[in-house]
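For the single chain, residues carry numbers from 1 onward in sequence order. Indexing begins at 1, ligand by ligand and atom by atom, following the structure's order.
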Amino acid sequence: MTDITDPLVHDENDVQISAPKTYAAGIPAVLVSLRHGLEQMGPVRTARTLAKLNQRHGFDCPGCAWPETPGHRKLAEFCENGAKAVAEEATTRTVDPGFFARHAVSELLERTDYWLGRQGRLTHPMIVRPGSDHYEPIGWDEAYAVIAEHLRAVADPDEAIFYTSGRTSNEAAFVYQLMIRAFGTNNMPDCSNMCHESSGTALAETIGIGKGSVSVTDLEHADLIIVAGQNPGTNHPRMLSVLEKAKANGAKVIAVNPLPEAGLLRFKDPQKVHGVVGDGAQITDEFLQIRLGGDQALFQGLAKLLLEAEDRAPGTVLDRDFLDSECAGFEQWAEHIRAVDLDTVLAATGLTRTQLDTTAEALIASRATIICWAMGLTQHTHGVATIQDAVALLLMRGMIGKPGAGVCPVRVHSNVQGDRTMGIWEKAPEPFLRALDDEFGIRTPRRHGYDAVEAIRAMRDRTASVFMAMGGNFLSATPDTDVTAAALRTCALTVQVSTKLNRSHLVHGTTGIILPSLGRTDTDIRAGRKQVVSVEDSMSVVHLSRGGLKPASKHLRSEVAIVCELAQHLFGPDHPVPWARFADDYDAIRDAIARVIPGFEDFNTRVRQPDGFVLPHPPRDERRFTTTTGKANFVVNDLYWLPVPEGRVILQTLRSHDQYNTTIYGLDDRYRGITAGRRVLFINTHDIAALGFTAGQRVNLISEWPRPDGTVEERRAENFRLVPYPTPVGNVAAYYPETNPLVPLDHVARKSNTPVSKAITIRLEARPTSDDAAKAVHPDPDPSPA
Ligand SMILES: Nc1nc2c(c(=O)[nH]1)N[C@H]1C(S)=C(S)[C@@H](COP(=O)(O)OP(=O)(O)OC[C@H]3O[C@@H](n4cnc5c(=O)[nH]c(N)nc54)[C@H](O)[C@@H]3O)O[C@H]1N2
Ligand SMILES: Nc1nc2c(c(=O)[nH]1)N[C@H]1C(S)=C(S)[C@@H](COP(=O)(O)OP(=O)(O)OC[C@H]3O[C@@H](n4cnc5c(=O)[nH]c(N)nc54)[C@H](O)[C@@H]3O)O[C@H]1N2
Ligand SMILES: [Mo]
């Protein structure tokens, strides 16, 4: 077997390291956007594309799910990284049958993810037949026939697995889950399982709905915003203008992060004169440099300080009316919190007592508090517990369902939230399934399906044999890359519906199929009519997205069409679902959605309003909590944190500024001072010395995972350069997906089953030679407090 990750090890001799930046965006961001566009698309297509991005009559940015500002939209309502995401998709380069004739699969496996992504858009359906090392073209109908034949051959529908990534539109997601359930399984792992699953799980239990409760307007009118475990300067750049506006309105921003991320500190808005020429705006008032996994301790510690303040001055801290009328479990939770040991909190967080006190005072002084978070909270063993303790901190003071206050899990893949709303969920609830049955006259299965981790186990254990992916890059996005690769290879058939070439195409089943699809930016014409799709953003706003560019090839089909055509091959002409009609008329799909999913009444009309429409959210709209108790629940969670074992460090895996998940746009991470390389390990200078290394030295990373029998499983990722960085002592960071082979499949968050990508215990091993050590390494950049 070819090593799945080995090719990435070799091309990293030129990495340059300089001091990290202290601000985000500004002129360099504008230039970088244009450079990527010009390189991939040429000048005319670049101008046309960027002008349509996030405009009312344009397409939704495939970059992230940050909402558009309602009403006035600036001509350039996008960010550098949105522009890169678009250039990546709208590229004029192509990967055609000639490309696959020239390059064997085994040869492509030797290429880096960066190289694969740069080859361009997939143009034809392709198949790699049993025993062959080359993809060859296949007609659409023949491809559907092969897939349908494999699906009909399984002994039980649960032997098939259907993955979804978060770019898929509402319409495509709805027909996809419908086809899967009509086939007979709920095996629908999705990228959410690796992403905000912990948020959904935590929020559903506490407030009754797994979605955020605030709007952009709320953020602009909050007086305290806590941004925990999130790097908006890179991953949600448009959020920075909203934070800037909130600050102009008098808000205080507290950032909680192990790393002093550039965007959190200062922001130069490229759309404003002062951002272009001046120092930009200071975004963060307080930077709490927390240890990895210390957030639950922080939230519990703060809650304790708030309870104590209430004891000292009764009636000044707690919102008693709200607690009495709308909440359940407060007294029991408060008793648990009172017993929290503040010394443990200080050890777990690495913060000082003064920092805790100041933050508690800010919470007490605030009339409208919002907590925002992303992967820094969700991808931990105790991600669900951490988020529930954050929610409790808000509930104590009644900070939900009122202007300027609430929970803000910052969603991410541009339509990941919409896909869930449409039923891409392995545990969809009974009312949704019943509504599908009633609408279509089918019987959907009730047994829960596999999430991402369970899907890998099922393939590994040979209880699943067909794997289909609607977008995404399952191999590289999931944990334990080598285990996942071996699992995918056990399948009789793997199918990837994709826009761009990626590593998941190269690690296939006995038969492998690639179905090339239209992307968000492409014109989609069916039955002679231009079709439009819809998406839901991070704040539950549903709006249209209209592609406008000429597709990379005339053979591409939309995701909707691909699903509906496959369904016709699978179920034959007499199926109760009107697949042929759905394939040619997305309005008909929206009419069905309107009848099945609450909140989508009159979908076709309302989605055509200028800014779309907002889905109902009971806690936000009417302070109603649809939980098991009918109240907002305080959930008691034991405190969990991450002491650093002797001689080891704890690794978080994160994104560089030049990537979109597993798509690598470039080899720089401008804000963190990295140029021309990705195999770097950000580490405190204290640890470099304590572990006996030197700055710039190359090391191998070995993760250690204790088996129940007391032995330790080891996983390796090789050849990383040590970069001295202001990360807390004992905590290191490196990029995903290069480090995914280190994440054990069984290391998952409690309750949400999300892989723990932000806390991997590793040890470092010196590489045999260090001839190039210390090349171009800047002097000690402000080491963090010990
Ligand atoms: N340009 C670009 N945009 C993107 C993406 C992309 O890859 N590129 N990906 C999209 C997707 S799918 C997602 S999910 C989001 C991801 O958005 P983020 O969650 O911002 O992404 P990460 O790079 O994983 O960064 C995690 C951040 O949390 C911090 N962190 C890590 N562990 C902890 C911890 O224990 N406590 C605290 N308080 N902080 C911690 C890290 O230092 C880092 O700043 O972005 C979306 N937008
Ligand atoms: N170690 C570690 N692992 C992680 C994370 C981490 O922080 N650390 N983050 C996790 C998170 S938050 C997420 S969301 C997942 C992401 O997991 P995925 O969503 O599976 O991965 P992406 O890299 O976003 O998928 C990129 C591929 O999607 C395809 N694509 C792009 N646009 C379209 C489209 O419009 N239609 C179709 N059909 N295909 C398209 C292209 O072929 C492209 O190669 O990764 C997770 N994995
Ligand atoms: Mo994500």
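At a heavy-atom distance under 4.0 Å, only side-chain atoms of Asp295, from C-beta outward, approach ligand 1. Of all the heavy atoms of Gln652, the ones lying under 4.0 Å from any atom of ligand 1 belong exclusively to the side chain. The side chain of Ser757, and not its backbone, has at least one atom closer than 4.0 Å to an atom of ligand 2 (non-hydrogen atoms only; side chain from C-beta on). The backbone and the side chain of Asn231 each have at least one atom closer than 4.0 Å to an atom of ligand 1 (non-hydrogen atoms only). Counting heavy atoms under 4.0 Å from ligand 1, residue His196 does not touch it at all.
Here the straight-line distance linking atom CD1 of Ile161 with atom CD1 of Ile456 works out to 9.0 Å at 0.5 Å rounding. To the nearest 0.5 Å, the span separating CD on Glu171 from CG on Asn415 amounts to 8.5 Å. Note that CZ of Arg411 and OG of Ser192 are 6.0 Å apart. Values are rounded to the nearest 0.5 Å. Here the straight-line distance linking atom NE2 of His747 with atom OG1 of Thr754 works out to 12.0 Å at 0.5 Å rounding. Note that the CD atom of Gln531 and the OG1 atom of Thr523 stand 12.0 Å from one another [nearest 0.5 Å]. Atoms CH2 and OG1, on Trp373 and Thr386 in that order, are 11.0 Å from each other to the nearest 0.5 Å.
Geometrically, ligand 2 and Leu654 share no nitrogen or oxygen pair separated by less than 3.5 Å. Polar contact check, Val256 against ligand 1: a nitrogen or oxygen pair lies under 3.5 Å apart. For ligand 1, the polar-atom distance check finds an N/O of His380 within less than 3.5 Å of one of the ligand's N/O atoms. Distances between N or O atoms of Ile290 and those of ligand 1 include no value under 3.5 Å. Any N or O atom pair closer than 3.5 Å counts here, and Arg520 shares no such pair with ligand 2. For Cys191, no nitrogen or oxygen atom sits less than 3.5 Å from a nitrogen or oxygen atom of ligand 2, counting backbone and side chain alike. Of the polar atoms of Asn502, at least one N or O is found under 3.5 Å from an N or O of ligand 2, judged by distance alone. Note: no N/O pair closer than 3.5 Å links Gln379 and ligand 1 by distance alone. The N/O atoms of Asn257, backbone and side chain alike, include one that comes under 3.5 Å of an N/O atom in ligand 1. Between His505 and ligand 2, not a single N/O pair is under 3.5 Å apart.
In this structure, atom 29 (C) of ligand 2 lies nearest to the protein heavy atom Gly472 N, 3.6 Å. Among all non-hydrogen protein atoms, the one lying nearest atom 38 (N) of ligand 2 is Glu559 OE2, 2.7 Å. Nearest protein neighbour of atom 21 (O) of ligand 2, counting heavy atoms only, is Asn473 N, 3.6 Å. Looking only at heavy atoms of the protein, atom 11 (C) of ligand 2 is closest to Arg655 NH2, 3.4 Å. With hydrogens left out, the protein atom closest to atom 23 (O) of ligand 2 is Thr662 OG1, 2.6 Å, a heavy atom.
One finds a salt bridge joining Glu565 and Arg557 here, because a Lys/Arg side-chain nitrogen approaches an Asp/Glu carboxylate oxygen to under 4.0 Å. A salt bridge is absent between Arg520 and Glu559; no separation between the charged side-chain nitrogens and carboxylate oxygens falls under 4.0 Å.
Taking every non-hydrogen atom of Lys758 and a distance limit under 4.0 Å, the qualifying atoms of ligand 2 come out as 7 (O). Counting atoms of ligand 2 from 1 in the listed order, those under 4.0 Å from a heavy atom of Met194 are 10 (C), 11 (C), 12 (S), 46 (C). Near Gly471, meaning under 4.0 Å from any of its heavy atoms, are these atoms of ligand 2: 37 (C), 38 (N), 39 (N). Atoms of ligand 1 found under 4.0 Å from any heavy atom of Gly293, numbered from 1 in the order shown, are 34 (C), 35 (O). For ligand 2 and Val497, the ligand atoms under 4.0 Å from any heavy atom of the residue are 37 (C), 38 (N), 39 (N). When each atom of ligand 1 is checked for a heavy atom of Leu259 under 4.0 Å away, the hits are 42 (O). Numbered from 1 in the order shown, with element, the atoms of ligand 2 that lie under 4.0 Å from a heavy atom of Met375 read 12 (S). Distances below 4.0 Å separate heavy atoms of Tyr163 from the following atoms of ligand 2: 17 (O), 18 (P), 19 (O), 20 (O). Remark: ligand 1 atoms within the under-4.0 Å shell around heavy atoms of Leu292 are 31 (C), 32 (N), 33 (C), 35 (O). Close approach of ligand 2 to Cys195 is summarised as follows: ligand atoms under 4.0 Å from at least one heavy atom of the residue are 12 (S), 14 (S). Listed by atom number, the atoms of ligand 2 under 4.0 Å from Arg167 heavy atoms are 31 (C), 32 (N), 35 (O). Of all atoms in ligand 1, listed by their number and element, those nearer than 4.0 Å to a heavy atom of His236 are 15 (C), 17 (O), 45 (O), 46 (C). Every atom of ligand 1 is numbered from 1 in the order shown, and the set under 4.0 Å from a heavy atom of Glu261 is 42 (O), 43 (C), 44 (O). Close approach to Thr234 involves these atoms of ligand 1, each under 4.0 Å from a residue heavy atom: 1 (N), 2 (C), 3 (N).
Within the 4.5 Å cutoff, the side chain of Asn661 has heavy atoms near those of the Tyr736 side chain. Looking only at side-chain heavy atoms (C-beta outward), Thr234 and Tyr671 come within less than 4.5 Å of each other.
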Full working for side chain to side chain donor-acceptor pair (under 3.5 Å) between Gln119 and Arg111: CA-CA 11 Å; Gln119 302 313 302; Arg111 305 286 187 165; over 6 Å; no

Candidate pair Asn193 and Val453, rule side-chain contact (heavy atoms from CB on, under 4.5 Å), full reasoning: CA-CA 8 Å; Asn193 298 146; Val453 165; over 6 Å; no

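The aromatic rings of Phe682 and Tyr735 stand perpendicular to each other, their planes meeting at an angle above 60°, with 30° marking the opposite boundary.
Qualifying side chain to side chain donor-acceptor pair (under 3.5 Å) partners for Asn731, counting only residues two or more places apart in sequence or in other chains: none. Arg715 is linked by a side chain to side chain contact (heavy atoms under 4.5 Å, CB included) to Asp480, Ser703, Trp705, Glu713, Leu742, Pro744, counting only residues two or more places apart in sequence or in another chain.
With hydrogens and angles left out, the side-chain atoms of Asn473 and Thr662 include a donor and acceptor closer than 3.5 Å. At a cut-off of 3.5 Å, with distance as the only test, no side-chain donor of Asp419 or Tyr176 sits close to an acceptor on the other residue. Using a 3.5 Å distance cut-off with no hydrogens or angles, the side chains of His508 and Thr494 do not pair a donor with an acceptor.
Here atom 1 (N) of ligand 2 lies nearest to Asn740 when heavy atoms of Asn740, Val743, Asn193 are compared.
Ligand 2 lies out of reach of Thr739, whose nearest heavy atom is not under 4.0 Å from it. In this structure, Gln496 has no heavy atom closer than 4.0 Å to ligand 2.
For the pair Arg167 and Tyr660, the cation sits on the ring face: its NZ or CZ lies under 6.0 Å from the ring centre, inside 45° of the axis.
Leu298 pairs in a side chain to side chain contact (heavy atoms under 4.5 Å, CB included) with only one of the listed residues (Thr359, Val345, Leu351, Asp389), which is Leu351.
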